[in-house]
Chemist: 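First the structure, which I've put down as structure tokens, then a few questions once you've had a look.
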Amino acid sequence: MDINKIPQIKHADSGNFFVLAGPCAIEGEEMALRIADRLVSITDKLKIPYVFKGSFKKANRSRIDSFSGIGDEKALKILEKVSQTFGVPTITDIHTNEDAVMAAAYVDVLQIPAFLVRQTDLVVAAANTGKTVNLKKGQFMSPESMKHAVQKVLDCHNENVMVTDRGTMFGYQDMIVDFRGIPTMRQFATTVLDVTHSLQQPNQMSGVTGGRPDMIETIAKAGIVTGVDGIFIETHFDPANAKSDGANMLHLDYFENLMTKLVAIRTTINQF
């Protein structure tokens, strides 16, 4: 897909990868605007095409008492305010057919969670909105099998589709990234590497997902070298107290340094 088709995208001609970044979940307006302000400033400085990411609700929690959101419409309106305030596109994940139409009224990109990417009705509902669709590769799926998920979107006469690798299950409580899958999936669609979710340690006895944020830079660098079109990173100014996925998020203070390194790597790679 042509990322220029995403409304309000900037720096698309810079030769850089694009970035989908933001908090795991929208916890409130002040936190969303605070994170967006910092990320927009950094990506503008480095000329990185940027999409603000935030889940308007979290429907795939291990425990019923886990944080799931502040209210659908309230969170979606915050995403809309981020877009209007900073002039950037936004992305959020959906979980039901009804979510597709509702979220499409507020955001620019609809994301299908990895656990749900084989749900044909959900993928079709997202595609039929005409919005760009980001398909997360299932942790249980091969890179080759993602061509069928992409085809579902294309068959709905929507060419604005990308796929995101978020790691593959390794045993019961760990994830690995098979970088051989990046060039494979790039044959089907624009390909993103979800760095932070690839470092999750799911299915913990506590019912709260763990993670390896110390490996974020390593995985991100490898993704750029492998040729990904985009990078997905969840970030927060206080990961330890984030309401969702804090264990594998990047601290906001480290974002600029990481992006600077990745831009330098991409500049080098572009010479070959």
Chemist: Apply side chain to side chain donor-acceptor pair (under 3.5 Å) to D72 and list each qualifying residue two or more places apart in sequence or on a separate chain.
Modeler: none
Chemist: If you take the centroid of each ring, where Trp contributes its six-membered ring, are H11 and Y50 closer together than 6.0 Å?
Modeler: no
Chemist: Not counting sequence neighbours, which residues clear salt bridge (Lys or Arg N to Asp or Glu O under 4.0 Å) with R38? List them please.
Modeler: D253
Chemist: State the OG1-CD1 distance between T92 and I26, to the nearest 0.5 angstrom.
Modeler: 7.0 Å
Chemist: Nearest 0.5 angstrom please: L262 CG to R266 CZ, how far?
Modeler: 9.0 Å
Chemist: By the salt bridge (charged side-chain N to carboxylate O under 4.0 Å, His left out) test, which pairs, at least two apart or in different chains, include something from residues 135-144?
Modeler: K136-D194
Chemist: By the ring pair (Phe, Tyr, Trp, His ring centres under 6.0 Å) test, which pairs, at least two apart or in different chains, include something from residues 71-112?
Modeler: none
Chemist: Please identify each residue that fulfils side chain to side chain donor-acceptor pair (under 3.5 Å) with R186, with sequence neighbours left out.
Modeler: D229
Chemist: Set out, in order, the CA-CA distance, both residues' side-chain angles and the distance that settles side chain to side chain contact (heavy atoms under 4.5 Å, CB included) for I216 and M249, then state yes or no.
Modeler: CA-CA 9 Å; I216 287 174; M249 275 200 275; over 6 Å; no
Chemist: Mind checking what makes side chain to side chain donor-acceptor pair (under 3.5 Å) contact with N16, not counting sequence neighbours?
Modeler: none
Chemist: By the ring pair (Phe, Tyr, Trp, His ring centres under 6.0 Å) test, which pairs, at least two apart or in different chains, include something from residues 131-168?
Modeler: none
Chemist: Rounded to the nearest 0.5 Å, how far does CD of E234 lie from NE2 of H197?
Modeler: 3.5 Å
Chemist: Output all residues satisfying salt bridge (Lys or Arg N to Asp or Glu O under 4.0 Å) with E159, sequence neighbours left out; order by chain, then residue number.
Modeler: none
Chemist: Which residues pass the salt bridge (Lys or Arg N to Asp or Glu O under 4.0 Å) test with R34, sequence neighbours left out?
Modeler: none
Chemist: Among pairs that include at least one residue of residues 73-98, which meet salt bridge (charged side-chain N to carboxylate O under 4.0 Å, His left out), considering only residues two or more places apart or in two chains?
Modeler: E29-K81, K58-D93, E73-K77
Chemist: Under the side-chain contact (heavy atoms from CB on, under 4.5 Å) test against F179, which residue among L193, V228, V225 passes?
Modeler: L193
Chemist: Would you confirm whether N158, through its side chain, and A127, through its main-chain N or O, come within 3.5 Å as a donor-acceptor pair?
Modeler: yes
Chemist: Could you list the residues that satisfy salt bridge (Lys or Arg N to Asp or Glu O under 4.0 Å) with D178, not counting sequence neighbours?
Modeler: R180
Chemist: Checking T120 now: which residues fulfil side chain to side chain donor-acceptor pair (under 3.5 Å) with it, not counting sequence neighbours?
Modeler: K152
Chemist: Do T96 and D99 have side-chain N/O donor and acceptor atoms under 3.5 Å apart?
Modeler: yes
Chemist: Just wondering, do T132 and V161 contact through their side chains at under 4.5 Å, heavy atoms?
Modeler: no
Chemist: Kindly indicate whether the side chain of K147, heavy atoms from C-beta on, has any atom under 4.5 Å from the side chain of Q187.
Modeler: no
Chemist: Measuring from M162:CE to M185:CE, what's the distance to the nearest 0.5 Å?
Modeler: 13.0 Å
Chemist: Dump the intermediate steps for side chain to side chain contact (heavy atoms under 4.5 Å, CB included) on L122 and I112, then the final yes or no.
Modeler: CA-CA 8 Å; L122 179 61; I112 307 298; 4.0 Å; yes
Chemist: Just checking, any donor-acceptor pair under 3.5 angstrom between side chains of S83 and Q8?
Modeler: yes
Chemist: Given V51 and V19, is the side chain to side chain contact (heavy atoms under 4.5 Å, CB included) satisfied, shown in steps?
Modeler: CA-CA 6 Å; V51 181; V19 171; over 6 Å; no
